[in-house]
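Every heavy atom of this structure was used, including side-chain atoms; hydrogens, water molecules and symmetry mates were not. Position 1 is the first residue of the sequence; numbering continues from there.
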Amino acid sequence: MSYLKCTTALAVLFALSAAPAFAQNMPNMDMPAQTADHDHGADHTQDQKPPATSPQTMDHDMSGMDMSDMDHINMDAPKSGWQVMSHAVLNFVADNQEGPRGGSKNFVEGMAMIMASRELDNRNTLDLNLMLSPDAFMGKGGYPLLLQTGETADGVHHLVDAQHPHDLFMGATAKLTHRFDSDTKAFVLIGWPGEFGFGPTAFMHRASGENFPTAPITHHWLDSGHITMGVVTAGLAKGPLQLEVTQFTGREPDQYRFNLDTPKLDSTAIRLTWQVSDRLTAQASWAHQVSPEQLAPDEDLQRRSVSFDYNHAFRAGTLYSTLAWGRKEIEHSAEKPSDGYLFENTFKFNDKWMALGRHERVYNDELVHDGAYWVAKTEIGAIRTFDLGHDMTLGLGLVRQFNTVPDALKPVYGDHPNGTVGFLQLKIHPMYGSMTGQMSGMNM
């Protein structure tokens, strides 16, 4: 295992260190403001118009991006070559959770990804995506996060008041897209791991949530399927509508964060996405998930979700907002369904300052053994960003968390179970280039 850890650590470091050099050698490109604004992690000035995240440009795969729809970017590569994009985010976090169930930990979390796209002919495009995360190195216990629950981190105990680490391999997908005309396309995506078609875009990719240093407590109600060990999705997009049907592995990733679990494709999800306007996107989804929890293998879930993503440019800056609801219901059980609500916002004043705000409310039966309770978390924070050059920025951020529990849980959590999270956020922004020599002759 030590050899594997060293090898994978070097892989992550290589992805992070190679990106600036890759940018220096790539062709000179003039990117329109809307494209730059759409990229995850990009800083948005107050004069830029927020992106239209339509199904035609966003397929909700593991990266939230679809390079096959980037024809408007001035690429110097011929059609027979590869177009490549890389991006990385690392958060160096100091986490302090207060009260009897709190704890403190310093850790590193984030992701590094590389995406390659190739036009096979005038109508077909192949996209390859690889995403890695340093989370796996933080240990089985993850990091302290009051009111958070989820999959087991050690294979023995339920994880309570902590966020599990994500797997080293967050995503490895291949997608083939066929364009019938300028308004209609179909695609097939295979991932191991990948994201199954349920809920809003995962929190580390959506514009409203990508800059928060910790996961939302609604993660397992809304977007926990972003690392699924086996995914096959078929999709059809026409105009403002996109329909996806996914067969996926229902079991959540196990406690071994450096390997790939065996795919089963025993579960089904359906998602409909509607680009209502340039500012508003809506989705509704349903899933039948077989045996998601390792410690409760006989329990299957019915899941539902509705969400709205909104963005708008004001004189003072740009607002990115997500409003979402998710429900988990154990099949053939008399237990009450469990709901989770999220209202998440990022307001970017300029390329130096942004404000963060998130409120969540969940009905959770995993916090204690004697019942289910409504709990809530409110987060308020800010980030000051510094330009390091070479398409890199460093953000200095602070988030204050306010947790609300009912009187029945105050003997367990205390009267004011709050938290403070300080962090440094290193970003290597999305960069584009071409690989036309050795790779352009490959037959895929």
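Residues meeting the side chain to side chain donor-acceptor pair (under 3.5 Å) test with D300, sequence neighbours left out: none. Among residues two or more places apart in sequence or in another chain, the side chain to side chain donor-acceptor pair (under 3.5 Å) test is passed with E344 by R206, S208, R358. In this view, T249 satisfies the side chain to side chain donor-acceptor pair (under 3.5 Å) rule with no residue, not counting sequence neighbours. Listed by chain and residue number, nothing satisfies the salt bridge (charged side-chain N to carboxylate O under 4.0 Å, His left out) test with R123 (two or more places apart in sequence, or in another chain). Checked against ring-ring contact (aromatic ring centres under 6.0 Å, His included), F402 has no partners two or more places apart in sequence or in another chain. Applying the ring-ring contact (aromatic ring centres under 6.0 Å, His included) rule to Y373 yields no partners; only residues at least two apart in sequence or on another chain are considered. For W353, there are no side chain to side chain donor-acceptor pair (under 3.5 Å) partners, not counting sequence neighbours. Residues satisfying the ring-ring contact (aromatic ring centres under 6.0 Å, His included) test with H220, not counting sequence neighbours, are H164. Applying the salt bridge (charged side-chain N to carboxylate O under 4.0 Å, His left out) rule to R251 yields no partners; only residues at least two apart in sequence or on another chain are considered. Residues forming a salt bridge (charged side-chain N to carboxylate O under 4.0 Å, His left out) with D95 (at least two apart in sequence, or on another chain): none. Not counting sequence neighbours, the partners of F347 by the ring-ring contact (aromatic ring centres under 6.0 Å, His included) test are F349.
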Notebook entry, point to check: Between L426 and L424, is a side-chain contact (heavy atoms from CB on, under 4.5 Å) present by the stated rule, with each step listed?
Noted result: CA-CA 7 Å; L426 176 65; L424 289 175; over 6 Å; no

Check: Hey, mind stepping through F308 and F343 against ring pair (Phe, Tyr, Trp, His ring centres under 6.0 Å) and telling me if it holds?
Finding: CA-CA 10 Å; F308 302 89; F343 183 46; over 10 Å; no

Margin query: Under the criterion side-chain contact (heavy atoms from CB on, under 4.5 Å), I'd like the reasoning laid out for I383 against Q425: C-alpha separation, chi angles, the key distance, then a yes or no.
Written below: CA-CA 9 Å; I383 301 177; Q425 186 177 77; 4.1 Å; yes

Next item on the list: Starting from the C-alpha separation in whole Å, work towards a yes-or-no answer on side-chain hydrogen bond (donor to acceptor under 3.5 Å, both in side chains) for Q283 and S305.
Entry: CA-CA 8 Å; Q283 72 82 27; S305 173; 3.1 Å; yes

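With rounding to the nearest 0.5 angstrom, the CZ atom of R304 is 7.0 Å from the CZ atom of R327. Between atom CD of residue E252 and atom CD of residue Q289 there is a gap of 5.5 Å, rounded to the nearest 0.5 Å. Atoms CD and CD, on Q294 and Q255 in that order, are 4.5 Å from each other to the nearest 0.5 Å. With rounding to the nearest 0.5 Å, the separation of OG1 in T233 from CD in Q247 is 9.5 Å. To the nearest 0.5 Å, the span separating CD on Q401 from CG on N96 amounts to 10.0 Å. A distance of 5.0 Å separates CG in L145 from OG1 in T214, rounded to the nearest 0.5 Å.
Summarising the local packing, NZ of K264 is surrounded by 12 or fewer heavy atoms from other residues, nucleotides or ligands at distances under 6.0 Å.
Counted by atom type alone, E98 and N418 present zero donor-acceptor pairs between their side chains at under 3.5 Å. Side-chain contact of H166 with H226: a donor-acceptor pair under 3.5 Å is present, judged by distance alone. For the residue pair Q148/H219, the side-chain donor-acceptor check at 3.5 Å is not satisfied. Side-chain polar atoms of E329 and Q302 form no donor-acceptor pair below 3.5 angstrom. Side-chain atoms of N129 and T173 form a donor-acceptor pair, as typed in the model, at a separation below 3.5 Å. Checked by atom type, the side-chain pair H158/T149 shows no donor-acceptor distance below 3.5 Å. Side-chain contact, T378 with H359: a donor N or O sits under 3.5 Å from an acceptor N or O.
Using a distance-only test at 3.5 Å, with no hydrogens or angles considered, a donor-acceptor pair links the side chain of D261 to the main chain of D254. Between the N91 side chain and the V93 main chain, no donor and acceptor come within less than 3.5 Å of each other. The main-chain N or O of V290 is found under 3.5 Å from a side-chain atom of S267 such that the two form a donor-acceptor pair. The backbone N or O of K140 sits nowhere less than 3.5 Å from a side-chain atom of D154 that would complete a donor-acceptor pair. Using a distance-only test at 3.5 Å, with no hydrogens or angles considered, no donor-acceptor pair links the side chain of W221 to the main chain of L342.
For the residue pair S291 and P297, the shortest heavy atom distance occurs at OG-O, 2.7 Å. Between G326 and L222 the shortest heavy-atom distance is N-CD2, 3.6 Å. Nearest heavy-atom pair, S117 versus D127, reported as atom, atom and distance to 0.1 Å: OG-OD1, 3.0 Å. Smallest separation of non-hydrogen atoms from D167 and Y256: OD2-O, 4.0 Å. In terms of heavy atoms, A162 sits closest to G141 at CB-O, 4.0 Å. Among all heavy-atom pairs drawn from P134 and M111, the shortest one is CD-N, 4.1 Å.
Judged by the 6.0 Å and 45° rule, R361 forms no cation-pi pair with Y341.
Ion pairing between K377 and E360 fails under the 4.0 Å rule for side-chain N and carboxylate O. Between R257 and E151 there is a salt bridge, with a side-chain nitrogen of the basic residue lying less than 4.0 Å from a carboxylate oxygen of the acidic one. Salt-bridge formation is not detected for the pair K328/E299: no Lys NZ or Arg NE/NH1/NH2 atom is positioned less than 4.0 Å from an Asp or Glu carboxylate oxygen.
Paired with L147 under the rule side chain to side chain contact (heavy atoms under 4.5 Å, CB included), one option of V160, N364, N403 passes, and it is N403. The only option from L146, V362, V405, D161 that meets the side chain to side chain contact (heavy atoms under 4.5 Å, CB included) definition with L367 turns out to be D161.
The aromatic rings of F196 and F198 sit tilted relative to each other, their planes meeting at an angle between 30° and 60°.
For residues 93-117, every residue pair satisfying the ring pair (Phe, Tyr, Trp, His ring centres under 6.0 Å) rule, not counting sequence neighbours, is listed here: F107-Y143.
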